[in-house]
Chemist: 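Quick one: the structure is below, questions incoming.
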Amino acid sequence: MDLHRLESADLDGGTRTALRALWDRAFDDFTDDDADHAYGGVHVLARDGGQVVAHASAVPRRLRFGTGPWRTVGYVEAVATDPPLQGRGVGRRVMVALQEEIAARWPVAMLSTGSATGFYERLGWERWRGTSFTATTEGVVPDGEEEGLMVLRLDASVVPDLTVDVTCEDRPGDAW
Ligand SMILES: CC(C)(COP(=O)(O)OP(=O)(O)OC[C@H]1O[C@@H](n2cnc3c(N)ncnc32)[C@H](O)[C@@H]1OP(=O)(O)O)[C@@H](O)C(=O)NCCC(=O)NCCS
């Protein structure tokens, strides 16, 4: 199995089609918006015999921690291992490589997960403990998404307190 690190701009149409097929195999309810959210940053792909069998990407997003300034951080999207290969360390290898790419770009990363909290905790991620908000055209509103939010602190001084409010900018599809 080979790992490949690529910018979104370097992903050709065939790879994008293969990625969407992977996401549809790995997730029950993957949407076009979810796919859009995965692009615009850096990707790690695992290929086995030419087939894309795992993926993770990180894109720049502006977030606000507590009452601090808006900051550009890495936001991890579309983490998936092909179901027949799950549980063999492939997802971990992909995330370790992605976290090297994140560390080269941003002091902090965040992600939203449903059931994979333990997977990320083994990789150094921490659960967010504050309340989450979305900045919409109507104002900043609590969105109730905090339970699934996790943070990777490469520079802990940027986010010293995980109990403060965290705010994202709204976008089509899931805000977080
Ligand atoms: C979550 C996912 C990416 C993990 O990939 P994987 O290749 O199966 O994971 P690995 O085999 O590398 O697991 C690494 C470690 O995390 C653990 N782990 C894997 N999935 C886990 C989960 N859902 N919850 C808790 N721990 C998990 C493994 O037991 C392993 O632990 P160990 O190091 O103590 O042995 C994969 O299960 C998947 O694609 N799931 C469906 C899509 C999804 O939910 N993606 C995450 C969205 S945020």
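Ligands are counted one by one from 1 in listed order, and the atoms in each one are counted from 1 as well.
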Chemist: With distance as the sole criterion, is a donor-acceptor pair present between the side chains of Asp170 and Thr134 under 3.5 Å?
Modeler: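 Result is no, nothing qualifies.
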
Chemist: Under 3.5 Å between any N/O of Arg88 and any N/O of ligand 1: does that happen in this structure?
Modeler: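 Yes.
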
Chemist: Check whether any side-chain heavy atom of Met110 lies under 4.5 Å from a side-chain heavy atom of Val166, and answer yes or no.
Modeler: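 Yes. Closest side-chain heavy atoms under 4.5 Å.
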
Chemist: Starting from atom 39 (O) of ligand 1, what is the nearest protein heavy atom, named by residue and atom, and what distance separates them?
Modeler: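 Checking every protein heavy atom, the shortest distance to atom 39 (O) of ligand 1 gives Thr81 N, 2.8 Å.
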
Chemist: Show which atoms of ligand 1 fall inside a sub-4.0 Å distance from at least one heavy-atom site of Arg92.
Modeler: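 In order of number, 12 (O), 14 (C).
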
Chemist: Check whether any N or O atom of Val79, backbone or side chain, sits under 3.5 Å from an N or O atom of ligand 1, and answer yes or no.
Modeler: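 Min N/O separation from ligand 1 is below 3.5 Å for Val79.
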
Chemist: Would you check if the distance from the ring center of Phe65 to the ring center of Trp128 is below 6.0 Å?
Modeler: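 Yes: the rings meet the under 6.0 Å criterion.
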
Chemist: Pull out every atom of ligand 1 sitting under 4.0 Å from any heavy atom of Thr113, numbered as shown with elements.
Modeler: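 So the atoms of ligand 1 that pass are 48 (S).
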
Chemist: Could you identify the single nearest non-hydrogen protein atom to atom 35 (O) of ligand 1 and state the distance to 0.1 Å?
Modeler: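 The closest heavy atom on the protein side is Arg122 NE, 4.8 Å.
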
Chemist: Answer side chain, backbone, both or neither: which part of Ser112 comes under 4.0 Å from ligand 1, heavy atoms only.
Modeler: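 Looking at Ser112 and ligand 1, just backbone atoms fall under 4.0 Å.
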
Chemist: Show the atoms of ligand 1 that are less than 4.0 angstrom away from any heavy atom in Val90.
Modeler: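 Those atoms are 7 (O), 12 (O).
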
Chemist: Any idea which part of Tyr120 is under 4.0 Å from ligand 1, heavy-atom wise: side chain, backbone, both or neither?
Modeler: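 Contact part for Tyr120 vs ligand 1: side chain (C-beta onward).
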
Chemist: Protein heavy-atom contact under 4.0 Å for atom 6 (P) of ligand 1?
Modeler: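 Within 4.0 Å of atom 6 (P) of ligand 1, protein heavy atoms are found.
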
Chemist: Which option wins on minimum heavy-atom distance to atom 10 (P) of ligand 1: Gly89, Gly118, Pro83?
Modeler: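 The option holding the nearest heavy atom is Gly89.
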
Chemist: Considering distance alone, does some N or O of Ala80 sit under 3.5 Å from an N or O of ligand 1?
Modeler: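 So ligand 1 has no N or O lying under 3.5 Å from an N or O of Ala80.
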
Chemist: Out of Gly87, Ala54, Ser115, whose heavy atom is nearest to atom 8 (O) of ligand 1?
Modeler: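 The option holding the nearest heavy atom is Gly87.
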
Chemist: Taking the six-membered ring of Tyr120 (Phe, Tyr or Trp), confirm whether the NZ or CZ of Arg127 is under 6.0 Å from its centre and within 45° of its axis.
Modeler: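 Output no; distance or angle outside limits.
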
Chemist: Short list, please: which atoms of ligand 1 are under 4.0 Å from a heavy atom of Ala26?
Modeler: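 Matching atoms, with element in brackets: 41 (C), 42 (C).
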
Chemist: What's the shortest distance from atom 40 (N) of ligand 1 to any protein heavy atom, and which residue and atom give it?
Modeler: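 Heavy-atom neighbour on the protein nearest atom 40 (N) of ligand 1: Gln86 NE2, 3.6 Å.
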
Chemist: Look at atom 20 (N) of ligand 1 and find which of Phe27, Phe119, Trp23 reaches it with the closest heavy atom.
Modeler: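 Among Phe27, Phe119, Trp23, the closest heavy atom to atom 20 (N) of ligand 1 belongs to Phe119.
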
Chemist: Using a distance threshold of 4.0 Å (strictly less than), state whether atom 2 (C) of ligand 1 has a protein heavy-atom neighbour.
Modeler: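 Under 4.0 Å from atom 2 (C) of ligand 1, zero protein heavy atoms found.
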
